[in-house]
Amino acid sequence: MTDRRPNDPSRRNERGRERNRSGSRKFSTAAPSERTRRADPARLVAFEVLRAVSADDAYANLVLPGSIRKHRLGRQDAGFATELAYGALRGQGTYDAILGQCVDRPLDQLDPAVLDALRIGVHQLMAMRVPPHAALDQTVGLARAVIGAGPSSLINAVLRKVSRRPLAEWLDELVGGMEEPVRVSSLKFSHPEWIVRALRQSLVAHGRNVSEIDNLLQADNAAPEVNLVALPGIGTLDEVLQAGGRPGDLVEDSVVFAAGDVGRLESVRSGKVRVQDAGSQLVARALAAVELDSGGGKGESWLDLCAGPGGKAALLGAVAAQGGHVLVANEPAEHRAALVRQALDAVPSHVWTVRVDDGRTVGAAYPDGFDRILVDAPCTGLGALRRRPESRWRRKPADLVDLAPLQRGLLSEALDTVRPGGVVAYVTCSPHPAETTAVVQDCLRGRKDFSLLDAGAALDAVSITGALNAGHESTAQLWPHVHGTDAMFLALIRRSRH
Ligand SMILES: C[S@@+](CC[C@H](N)C(=O)[O-])C[C@H]1O[C@@H](n2cnc3c(N)ncnc32)[C@H](O)[C@@H]1O
């Protein structure tokens, strides 16, 4: 992502002439009151996203597309706005620590809109290749246009202080003398301390080394690549490949797409090719491919117990159609069940049914049970922080505790509902032991008719490399910094035939 967009208003004065062409002067000498009064539309979009997140508890990924449309940004400006908004949100912990050194009062005493404008300024200065004068002028201009003239001197003065050092020097100063490794990682990689602790614990729980933590945190701060899957037997990747996608190296029928908006591709609009993390593809395929103890064959029945919004249901539905099986996709929230129907639209309709129900009581309606059940349980999403830039600041340690009964209730219901010889996949997009291994252990306690299959081997069997090295003590854990996927957990549990 480069910030030097052609026709970047930050490089031009109000008459349209380029500013500071010689590069000899770092900042405009004009007083803030005489500088840009317009808001650059891309920066305005980023600001709107930050405001919606901090003032209305909105989700950045839901607000951003509407704001981009409202301000009619072209492709390049949309990319700039996305990087600015997501980067400022991800980096908030580090940026607030820097701002704390440059503002003469506690940050919570600033007008929240001014704080958001400052965060946008800091991200441009610290992490994007925006020339400092442009970052200052444009942030002050944005603030004047949307907040008013009042705070422009403060914003100008604070950003000037911030701009005096590059990020590495700020970090050295902030962590200098600090001995607690969790605090250091938290500051350097902009994660709350409790999440750093939780992820360290997660690495160890899944047989990895705690020294990997900084790489993992760093991976959370990078925008994930867009992965696409062609629904087997339904979609093809031809259009996506022609449009610049490159074949995915983890899982078959997948493509990594970095050539812009996938929504313009007909195969994506038709739902035959879908955006889906490679880790999600792998766990769904592993469940579909693993051997049953009952022989399997044609005519199996599959259940996706927590299906909304339907990503894995669509892939499972397509694979089920190929094998002559049927799929029930269950989701208790009606609006999310509607998304599941939409996701399954490209799959022949005789293959699937959508049920709107609490997954903890679904089994009673299916006395014959199911051969394969996916429990993609509601979780903290600690393994997908890179996708949801604000979620690390919103999640609380209590979420781990609050979700525990639901996760156990869902897995227990699946174990009660799977047929003898059948398999249950327990999946989360969190690596935390409280919502992964502990749930599996608790639910299997005293249930001698169930055994854990080798989930690492099952993932290898459906991967292109065949050597993901994700297994540990029969369960498997994928990682952003190792596999480039979300941190998906997989346990495969088979019910014995007798
Ligand atoms: C991690 S998401 C599933 C993602 C989905 N499998 C996919 O790939 O698109 C968890 C889902 O569980 C649903 N859920 C929450 N409570 C539930 C319950 N009691 N029974 C079944 N599903 C539930 C949530 O609404 C959410 O849609």
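Both counts, for ligands and for their atoms, begin at 1 and track the order of listing.
- Of all atoms in ligand 1, listed by their number and element, those nearer than 4.0 Å to a heavy atom of Leu305 are 21 (C), 22 (N).
- Looking at Ala377 against ligand 1, only its backbone comes within 4.0 Å, counting heavy atoms.
- Distances from ligand 1 to the non-hydrogen atoms of Pro309 include at least one value under 4.0 Å.
- Distances below 4.0 Å separate heavy atoms of Ala307 from the following atoms of ligand 1: 5 (C), 6 (N), 7 (C), 9 (O).
- Using a 4.0 Å cut-off between charged side-chain N and carboxylate O, Arg447 and Asp416 make a salt bridge.
- Scanning all heavy atoms of the two residues, the minimum distance from Pro389 to Ala60 falls at CG-CB, 4.2 Å.
- Considering only non-hydrogen protein atoms, atom 10 (C) of ligand 1 sits nearest to Asp376 O, 3.4 Å.
- The contact set between ligand 1 and Leu410, taken as ligand atoms under 4.0 Å from a residue heavy atom, comprises 18 (C), 20 (N), 21 (C).
- Nearest protein heavy-atom neighbour of atom 12 (O) of ligand 1: Cys306 CB, 3.3 Å.
- Ranking protein heavy atoms by distance to atom 20 (N) of ligand 1, first place goes to Gly359 N, 2.8 Å.
- In this structure, Trp479 and His206 have perpendicular ring planes: the angle between them is above 60°, well past the 30° mark.
- A side-chain hydrogen bond (donor to acceptor under 3.5 Å, both in side chains) with Ser267 is found for one member of Arg274, Lys272, Glu239 and no other, namely Glu239.
- When each atom of ligand 1 is checked for a heavy atom of Leu406 under 4.0 Å away, the hits are 16 (N), 19 (N).
- Between the side chains of Asn221 and Arg392, a donor-acceptor pair is found at a separation under 3.5 Å.
- Seen from the ring of Tyr86, Arg387 does not count as a face-on cation partner, given the 6.0 Å and 45° thresholds.
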Next item on the list: Kindly determine whether Arg208 and Gln477 satisfy side-chain hydrogen bond (donor to acceptor under 3.5 Å, both in side chains), including the steps that lead there.
Entry: CA-CA 10 Å; Arg208 302 202 69 96; Gln477 181 62 57; over 6 Å; no
Next item on the list: Begin from the C-alpha positions of Arg445 and Asp442 and carry the test salt bridge (charged side-chain N to carboxylate O under 4.0 Å, His left out) through to its verdict.
Entry: CA-CA 5 Å; Arg445 193 164 295 124; Asp442 285 355; 3.1 Å; yes
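- Looking only at heavy atoms of the protein, atom 2 (S) of ligand 1 is closest to Gly308 O, 3.6 Å.
- In Phe450, the CZ atom is crowded: over 12 heavy atoms of neighbouring residues, nucleotides or ligands sit closer than 6.0 Å.
- Annotation: atom 13 (C) of ligand 1 to nearest protein heavy atom, Glu331 OE1, 3.4 Å.
- With respect to atom 19 (N) of ligand 1, the closest heavy atom belonging to the protein is Asp358 OD1, 3.0 Å.
- With sequence neighbours left out, the side chain to side chain contact (heavy atoms under 4.5 Å, CB included) criterion links Asp214 to Ser185, Phe189, Leu217.
- Looking at Lys312 against ligand 1, both its backbone and its side chain come within 4.0 Å, counting heavy atoms.
- Shortest contact from atom 15 (C) of ligand 1 to any protein heavy atom: Pro378 CG, 3.5 Å.
- Using bins of under 30°, 30° to 60° and over 60° for the plane-to-plane angle, the ring pair Tyr426/Phe489 lands in the perpendicular bin.
- For Cys429, no heavy-atom contact with ligand 1 is shorter than 4.0 Å.
- Looking at Thr428 against ligand 1, nothing comes within 4.0 Å, counting heavy atoms.
- At the shortest separation from atom 9 (O) of ligand 1 among protein heavy atoms lies Gly311 N, 2.9 Å.
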